[in-house]
Amino acid sequence: MIVGVVGKIAAGKTTVAKFFEERGFCRVSCSDPLIDLLTHNVSDYSWIPELPEKAEPTRDRLIEFGKYLKEAYGGDILIRLAVDKMKHCKNIVIDGVRSEGEIKAVKGLGGKIIYVEARPEIRFERLMRRKASKDKGIKSFADFKAMDDAEERLYHTRELKGLTDYVIINEGTLEELREKVGGIIEEVIG
């Protein structure tokens, strides 16, 4: 079984994916193949489309290289690479699905899609708490909102919500989220 997780920045996609991982799913992010290609860490793959010049995987580089790969190799390229990286796994959860092409690819493999959402203020607070290196350029809510709006223009994340199988509102406690995800896990693995 393959499950894809969609949502805006800091909505809780990775946390949802980690709950699946706790239940035996192999977790991979759509950005993992991009990071692997940019850092030349490609031993887990049975094939790669091309090896770019080695570079630090900043958010901007990941977006730029991902866009290039999708144009050159199809909108499902990151799903194909993520599934290939996890080819040894029976159940895979893919964190950070970001396009209609990627959703169709997951569903084409018999998978399900979860959309995770939360208000911008909550997502900004989470982003500030997580202190990820890829987010270091965000110092204020205005910075966050500008980046969030830019990603929405690029990925049209809100529009993807209608293509998903499940929607999780993630504005409560971690335990409430775990309970919501647990119900979905029971449904998808039967």
Side-chain angles (χ1 to χ4, degrees), residues 1-35 57 59 62 78-79 82-83 85-86 88-100 102-103 105-107 109-145 147-149 151-152 155-190:
M1 168 54 71
I2 298 175
V3 174
V5 185
V6 182
K8 292 176 140 310
I9 298 162
K13 298 179 299 293
T14 300
T15 304
V16 167
K18 285 179 178 176
F19 290 151
F20 274 86
E21 187 176 34
E22 288 172 4
R23 297 286 293 274
F25 279 67
C26 293
R27 179 171 60 93
V28 63
S29 169
C30 269
S31 60
D32 287 351
L34 295 171
I35 293 167
R59 185 181 289 276
L62 293 172
L78 298 180
I79 299 299
V83 169
K85 180 177 179 151
M86 295 294 152
H88 61 282
C89 300
K90 179 182 174 201
N91 295 316
I92 302 169
V93 60
I94 303 174
D95 176 4
V97 173
R98 289 210 179 345
S99 70
E100 186 174 344
E102 291 172 354
I103 288 174
V106 169
K107 288 187 171 203
L109 295 168
K112 299 287 185 186
I113 302 288
I114 300 169
Y115 187 92
V116 186
E117 69 180 341
R119 292 188 314 272
E121 298 78 15
I122 291 173
R123 294 186 294 111
F124 173 68
E125 284 174 28
R126 289 178 184 152
L127 187 122
M128 291 290 96
R129 278 197 309 265
R130 77 181 183 194
K131 293 182 169 78
S133 62
K134 66 182 177 182
D135 302 325
K136 63 185 168 201
I138 301 166
K139 307 279 187 226
S140 67
F141 186 72
D143 292 343
F144 171 78
K145 194 76 178 99
M147 189 208 38
D148 197 42
D149 292 345
E151 284 213 352
E152 181 60 35
Y155 299 122
H156 309 286
T157 310
R158 261 187 241 111
E159 295 172 20
L160 300 178
K161 185 176 172 181
L163 305 173
T164 63
D165 300 293
Y166 302 95
V167 175
I168 294 176
I169 309 293
N170 180 22
E171 296 181 347
T173 67
L174 203 54
E175 280 313 307
E176 289 169 334
L177 179 61
R178 184 184 300 277
E179 199 173 301
K180 291 174 183 179
V181 174
I184 294 170
I185 293 170
E186 292 307 314
E187 271 188 52
V188 299
I189 60 175

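Here, residue 1 is the first one in the sequence, and each next residue gets the next number.
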query: Minimum heavy-atom separation for I92 to I94, with atom names?
result: CG2-CG1, 3.9 Å
task: Report yes if the side chains of L163 and E100 come closer than 4.5 Å at any heavy-atom pair, otherwise no.
output: yes
query: Are C30 and E102 close enough that some pair of their side-chain heavy atoms sits under 4.5 Å apart?
result: yes
Inter-residue atom distance E125.CD - L127.CG, 0.5 Å rounding: 11.0 Å
- request: Say whether, by atom type as modelled, one donor and one acceptor occur between the side chain of D143 and the main chain of K139 under 3.5 angstrom.
  value: yes
field: Heavy-atom closest pair, residues V28 and A82
entry: CG1-CB, 3.9 Å
Side chain to side chain contact (heavy atoms under 4.5 Å, CB included), paired with K18, selected from V16, T14, T15: T14
task: For Y155, check ring pair (Phe, Tyr, Trp, His ring centres under 6.0 Å) against everything at least two apart and list the hits.
output: none
task: State, with a plain yes or no, whether a side-chain heavy atom of I184 is found less than 4.5 Å away from one of K112.
output: no
task: State, with a plain yes or no, whether a side-chain heavy atom of F20 is found less than 4.5 Å away from one of I114.
output: yes
4.5 Å side-chain heavy-atom contact, I189 and F25: yes
task: Could you pull out the closest heavy-atom pair between K180 and I169, with the gap in Å?
output: NZ-O, 2.5 Å
task: To the nearest 0.5 Å, tell me how far K85 NZ sits from S29 OG.
output: 9.5 Å
- request: Identify the two heavy atoms, one from L62 and one from P57, that lie closest to each other, and give their separation to 0.1 Å.
  value: CD1-O, 3.8 Å
- prompt: Is the backbone N or O of E176 less than 3.5 Å from a side-chain atom of T173, with the two atoms forming a donor-acceptor pair by type?
  reply: yes
- prompt: When rounded to the nearest 0.5 angstrom, what is the spacing between NE2 in H88 and NZ in K90?
  reply: 14.5 Å
Minimum-distance pair of heavy atoms, taken over all atoms of G111 and D165: O-OD2, 4.3 Å
task: Find the distance between CG (L109) and CE (M1) and round it off to the nearest 0.5 Å.
output: 10.5 Å
Electrostatic pair R178-E22, nearest N-O below 4.0 angstrom: yes
message: Could you tell me if the side chain of D32 sits less than 4.5 Å from the side chain of M86, heavy atoms only?
response: no
- line: d(S140 OG, K145 NZ) to nearest 0.5 Å is 12.5 Å
message: What's the separation between atom CG in L160 and atom CZ in R158, rounded to the nearest 0.5 Å?
response: 11.0 Å
- prompt: F144 and F124: which non-hydrogen atoms are nearest, and at how many Å?
  reply: CB-CD1, 3.4 Å
message: Looking at E117, is its backbone amide N or carbonyl O close enough to the side chain of K161 to form a donor-acceptor pair, meaning the two atoms are under 3.5 Å apart?
response: no
Give the table of side-chain donor-acceptor pairs shorter than 3.5 Å for residues 5-13, with sequence neighbours excluded, one pair per line with atom names and distance.
from: K8; atom 1: NZ; to: E152; atom 2: OE1; distance (Å): 2.9
from: K13; atom 1: NZ; to: G7; atom 2: O; distance (Å): 3.3
from: K13; atom 1: NZ; to: K8; atom 2: O; distance (Å): 2.8

